[in-house]
Amino acid sequence: MINELLLCGSVIFIFGATVLSYKFFGKTGLYFMSAIVTILANIEVVILINAFGMEQTLGNVLFAATFLITDILSECEGKKEANKAVWIGVFASIFFLLLTQSWLLYTPSENDFIFGSIKAVFSNTPRMIISSLVVYAISQLFDVWLYHKWWAFTEKRFGDKRKFLWLRNNGSTLISQILNTLLFTLFAFWGTYDTKTLVSIFLSSYIIYIFTSLLDTPAVYLARWIHDKKIGK
């Protein structure tokens with residue numbers, strides 16, 4: 001039960017921190033969150049756990065937060081700013097990959113006691129990060145594009161630019177997450193786990209993304225309220 005409680009707590013903490021970063025620091029805060037959650041997700045995703053009766057990787061909530069970030073930026077700041085957050089995440093991942101791999105080139109001191117653990121963790125991350133880079137860029141740019149397509153559709157159909165936020169938020173994220181989950185599972189874990197485990201990882205990850213996508217909708221509404229209050233709307 002502890003894993004389930006920790007995952008639920010992670011959703012509240014990460015989504016809450018994302019909204020607070022926007023409240024106190026505006027779009028700059030979301031750019032920071034885009035970089036930090038992308039880096040941390042690439043570390044966390046190597047851990048495999050059991051929760052809610054499913055075998056799954058950690059990192060799902062952090063990856064879900066990247067979609068929350070771009071949806072808030074799309075809604076409140078515009079398409080250009082949302083795409084900028086995606087490229088900031090890509091840059092952060094490349095920087096993180098190059099830096100961590102350089103650590104492994106050093107010859108540790110005879111008094112060192114941590115290098116073995118560092119090597120165990122970060123020697124497994126290049127494939128994860130490269131897979132994440134490709135999949136992140138594809139799925140996030142697709143998500144931003146689809147968000148604004150849904151927005152244009154509802155505005156044209158119903159003549160109201162502000163209504164149906166829940167539809168463009170969930171309509172873009174749920175579809176994008178299928179692409180994200182499928183591509184990442186294949187790129188990152190093909191050949192590492194058997195087919196049964198791959199299917200389990202894909203299904204459990206997407207089920208989690210369904211819940212996180214639905215749960216992030218109030219966060220997007222709250223962020224828009226914060227934005228409207230700032231501009232006196």
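By convention here, the first residue in the shown sequence is residue 1. What you see is a predicted model, and the numbers here were worked out from it, not measured in a lab.
Nearest heavy-atom pair across Gly171 and Leu146 is O-CD2, 3.8 Å. When all heavy atoms of Ala35 and Ile88 are compared, the closest pair comes out as CB-CG2, 4.1 Å. The two residues Thr173 and Ser213 make their nearest non-hydrogen contact at CG2-OG, 3.1 Å. Annotation for Thr154 and Trp151: closest pair OG1-O, 3.1 Å, computed over non-hydrogen atoms.
The closest side-chain heavy-atom distance from Phe32 to Phe25 is not below 4.5 Å. Side-chain atoms of Leu183 and Ser139, non-hydrogen and from C-beta on, never get closer than 4.5 Å to each other. Considering only heavy atoms from C-beta on, Leu40 stays 4.5 Å or farther from Glu44 through its side chain. Arg162 places a side-chain heavy atom less than 4.5 Å from the side chain of Asp228.
Separating the CG atom in Leu133 from the CD1 atom in Ile94 is a distance of 5.5 Å, to the nearest 0.5 Å. Of the inter-residue distances, the one linking Trp150 atom CH2 with Tyr147 atom OH reads 12.5 Å to the nearest 0.5 angstrom. We find the OG1-CG distance between Thr217 and Leu165 to be 7.5 Å, quoted to the nearest 0.5 Å. Rounding to the nearest 0.5 angstrom, the gap separating the CD atom in Gln177 from the OG atom in Ser205 is 9.5 Å. To the nearest 0.5 Å, atoms CG (Leu7) and CD1 (Ile2) are separated by 10.0 Å.
The salt bridge (charged side-chain N to carboxylate O under 4.0 Å, His left out) pairs that include a residue from residues 67-79 are Glu75-Arg168, Glu75-Arg224, where partners are two or more places apart or lie in different chains. Every pair tested for ring-ring contact (aromatic ring centres under 6.0 Å, His included) that includes a residue from residues 197-224 fails, sequence neighbours excluded, so the list is empty. Applying the salt bridge (charged side-chain N to carboxylate O under 4.0 Å, His left out) definition to pairs two or more places apart or across chains, none involves residues 89-98. The list of ring-ring contact (aromatic ring centres under 6.0 Å, His included) pairs with a residue in residues 54-78, not counting sequence neighbours, reads Phe63-Phe184. Screening residues 15-38 for salt bridge (charged side-chain N to carboxylate O under 4.0 Å, His left out), with sequence neighbours left out, gives Lys27-Glu81.
Phe113 CZ: 12 or fewer foreign heavy atoms inside a 6.0 Å radius.
Transitive grouping of hydrophobic side chains (ILVMFWY, heavy atoms separated by less than 4.5 Å) keeps Ile208 and Tyr136 in distinct clusters. When hydrophobic clusters are built by joining Ile, Leu, Val, Met, Phe, Trp and Tyr residues whose side-chain heavy atoms come closer than 4.5 Å, directly or via intermediates, Leu99 is grouped together with Ile39. With hydrophobic clusters built from ILVMFWY side chains whose heavy atoms lie under 4.5 angstrom apart, Leu68 shares a cluster with Leu58. Linking ILVMFWY residues whenever their side-chain heavy atoms come closer than 4.5 Å, directly or via other members, leaves Ile47 and Leu6 in distinct clusters. A continuous path of ILVMFWY side-chain contacts below 4.5 Å connects Leu62 to Ile138, so both sit in one hydrophobic cluster.
Ring planes of Phe91 and Phe95: parallel class, angle under 30° (limits at 30 and 60°).
Asn3 meets the side chain to side chain contact (heavy atoms under 4.5 Å, CB included) test with Ile49, Ala51; sequence neighbours excluded. The side-chain hydrogen bond (donor to acceptor under 3.5 Å, both in side chains) test applied to Thr28 returns no partner, not counting sequence neighbours. Residues passing the side-chain hydrogen bond (donor to acceptor under 3.5 Å, both in side chains) test with Thr212: none are found, sequence neighbours excluded. Trp87 pairs by the side chain to side chain contact (heavy atoms under 4.5 Å, CB included) definition with Val90, Leu141, not counting sequence neighbours. Under the rule for a side chain to side chain contact (heavy atoms under 4.5 Å, CB included), the partners of Pro108 that lie at least two apart in sequence or sit in another chain are Asp112, Phe115. Take Gln140 and apply the side-chain hydrogen bond (donor to acceptor under 3.5 Å, both in side chains) test, not counting sequence neighbours, and it matches Thr66, Thr70. Leu30 meets the side chain to side chain contact (heavy atoms under 4.5 Å, CB included) test with Thr18, Ser21, Tyr22, Ile69, Ile72, Leu73; sequence neighbours excluded.
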Fill in: Residues Ile175, Phe142; criterion side chain to side chain contact (heavy atoms under 4.5 Å, CB included); working and verdict
CA-CA 9 Å; Ile175 294 173; Phe142 178 73; 4.0 Å; yes
Worksheet item: What do the steps show when you test Phe164 against Trp166 for side chain to side chain contact (heavy atoms under 4.5 Å, CB included), and what is the final call?
Response: CA-CA 5 Å; Phe164 298 99; Trp166 61 269; 4.0 Å; yes
Discussion item. Test side chain to side chain contact (heavy atoms under 4.5 Å, CB included) on Thr195 and Val199; report intermediate values, then the result.
Written reply: CA-CA 6 Å; Thr195 303; Val199 172; 4.3 Å; yes
Practice prompt. Test Phe52 against Ile207 for side chain to side chain contact (heavy atoms under 4.5 Å, CB included), laying out the working first.
Written response: CA-CA 10 Å; Phe52 300 107; Ile207 289 171; over 6 Å; no
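Between the side chain of Gln101 and the main chain of Phe122, a donor-acceptor pair closer than 3.5 Å is present. Although no hydrogens or angles enter the test, the distance criterion places no donor-acceptor pair under 3.5 Å between the side chain of Thr181 and the main chain of Ile178. A donor-acceptor distance shorter than 3.5 angstrom exists from the side chain of Thr100 to the backbone of Leu97, with no hydrogens or angles considered. Of the possible donor and acceptor atoms, one in the side chain of Ser34 sits under 3.5 Å from a partner among the backbone N and O of Ala85.
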